[in-house]
Each structure stands twice: as structure tokens, then as C-alpha cells.
Amino acid sequence: MFTFSFWVLAIWFVINVIWMWFKLSDQKLQKTFAWINVVALIWGFWAYNSSVQVGGIATWFNVMNYVNIIVALLQFYFGYRKLDK
């Protein structure tokens with residue numbers, strides 16, 4: 001469970017960050033990704049704290065969870081900011 005969760009969340013994280021930076025002006029997409037990140041964060045912290053930690057990926061799993069908080073905050077900012085048009 002721990003390793004599976006790590007790799008699913010790691011793949012999501014990479015796709016999410018790449019897509020986020022190419023679509024900064026798409027507020028609807030930013031909001032959607034931000035809320036998906038909230039679910040990913042809940043899942044990530046739950047998996048990290050409740051599963052048996054395996055090998056050397058435990059530290060990276062925790063780092064990825066905290067960096068994902070920053071990404072989610074950026075996405076909420078870009079998604080809910082007021083654009084002057």
C-alpha cells in the first residue's frame with residue numbers, strides 16, 4: 001500500500017506540476033487541480049502515517065506531501081485570483 005500510494009502520487013505530482021505551469025491562465029483548470037490536490041494530500045498523509053513504511057522512500061514520500069501543499073496553495077491562488085479584464 002505504501003509503495004503503490006507513493007508511485008501513484010508521484011506520477012500525479014509530476015503531471016500536475018507540468019500541466020499547471022503550462023496553463024496558468026486557465027482558472028477553471030487550476031481550481032480543479034487544486035481540489036484534486038487536496039484529495040491527494042489527504043490520501044498521501046493518510047498513507048504515510050497509517051501504512052508500514054518501506055525502505056528509503058519514506059523520506060521522499062513525506063517531502064512530496066509537503067511540496068504538494070505548496071503546489072496546491074499556488075493552484076488555489078491562480079484559480080481564485082481576480083483577473084482584471
Side-chain angles (χ1 to χ4, degrees):
M1 174 73 177
F2 187 78
T3 306
F4 173 76
S5 294
F6 172 77
W7 286 111
V8 169
L9 291 172
I11 291 168
W12 162 250
F13 180 79
V14 170
I15 292 169
N16 181 26
V17 169
I18 291 171
W19 200 270
M20 179 186 86
W21 288 112
F22 284 111
K23 296 287 191 173
L24 282 177
S25 61
D26 187 349
Q27 286 188 300
K28 185 175 180 183
L29 183 71
Q30 294 292 334
K31 290 177 193 177
T32 302
F33 276 9
W35 285 110
I36 292 171
N37 264 345
V38 169
V39 173
L41 283 166
I42 292 168
W43 177 18
F45 280 110
W46 173 79
Y48 180 79
N49 290 317
S50 67
S51 299
V52 176
Q53 297 178 2
V54 179
I57 65 171
T59 302
W60 290 109
F61 200 159
N62 202 23
V63 167
M64 184 177 58
N65 282 334
Y66 283 106
V67 171
N68 205 15
I69 291 172
I70 296 168
V71 171
L73 290 172
L74 285 171
Q75 288 172 329
F76 277 120
Y77 170 74
F78 288 125
Y80 288 99
R81 69 183 168 172
K82 185 174 182 175
L83 296 177
D84 296 327
K85 290 186 179 182

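Predicted, not measured: the structure shown is a model, and the values here were computed from it.
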Checklist entry - What's the verdict on side chain to side chain donor-acceptor pair (under 3.5 Å) for N68 and W12, showing C-alpha distance, side-chain angles and the deciding distance? => result CA-CA 10 Å; N68 205 15; W12 162 250; 5.1 Å; no
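Here the CH2 atom belonging to W21 is positioned 11.0 Å from the CG atom belonging to N16, to the nearest 0.5 angstrom. Rounded to the nearest 0.5 Å, atoms CD1 (I18) and CZ (F13) are 10.0 Å apart. To the nearest 0.5 Å, the span separating CZ on F78 from OG on S25 amounts to 10.5 Å. Taking CZ of F61 as the start and CZ of F6 as the end, the distance is 7.5 Å to the nearest 0.5 Å.
In the hydrophobic clustering of this structure, W60 does not group with I15; members are Ile, Leu, Val, Met, Phe, Trp, Tyr whose side-chain heavy atoms approach within less than 4.5 Å, directly or through other members. Grouping the Ile, Leu, Val, Met, Phe, Trp and Tyr side chains by contacts below 4.5 angstrom, directly or via other members, places L74 apart from I69. Grouping the Ile, Leu, Val, Met, Phe, Trp and Tyr side chains by contacts below 4.5 angstrom, directly or via other members, places L41 apart from I70. Note on W19: it does not cluster hydrophobically with V14, by side-chain heavy-atom contacts below 4.5 Å among ILVMFWY residues. Connection of Y48 to V52 is not established within any shared hydrophobic cluster, with ILVMFWY side chains joined at heavy-atom distances below 4.5 Å, either directly or through further cluster members.
For the residue pair M64 and L9, the shortest heavy atom distance occurs at CE-CB, 3.7 Å. Across all their heavy atoms, A34 and A72 have their closest contact at CB-O, 4.1 Å. A pairwise comparison of heavy atoms in G79 and Q27 identifies O-NE2, 3.4 Å as the closest pair.
Side-chain contact between I57 and F2 is present, with at least one heavy-atom pair separated by less than 4.5 Å.
In this structure, the side chain of Q30 does not engage the main chain of Y80 through any donor-acceptor pair within 3.5 Å. At least one donor-acceptor pair under 3.5 Å links the side chain of N49 to the backbone N or O of F45. Side-chain N or O atoms of D26 include one that pairs as donor or acceptor with a backbone N or O of L29 at under 3.5 Å.
When each of N37, V17, T32 is paired with Q75, the side-chain contact (heavy atoms from CB on, under 4.5 Å) condition holds for N37 and for no other.
Note on ring orientation: taking the six-membered ring where Trp is involved, the planes of W35 and F76 are perpendicular (angle over 60°, cut-offs 30° and 60°).
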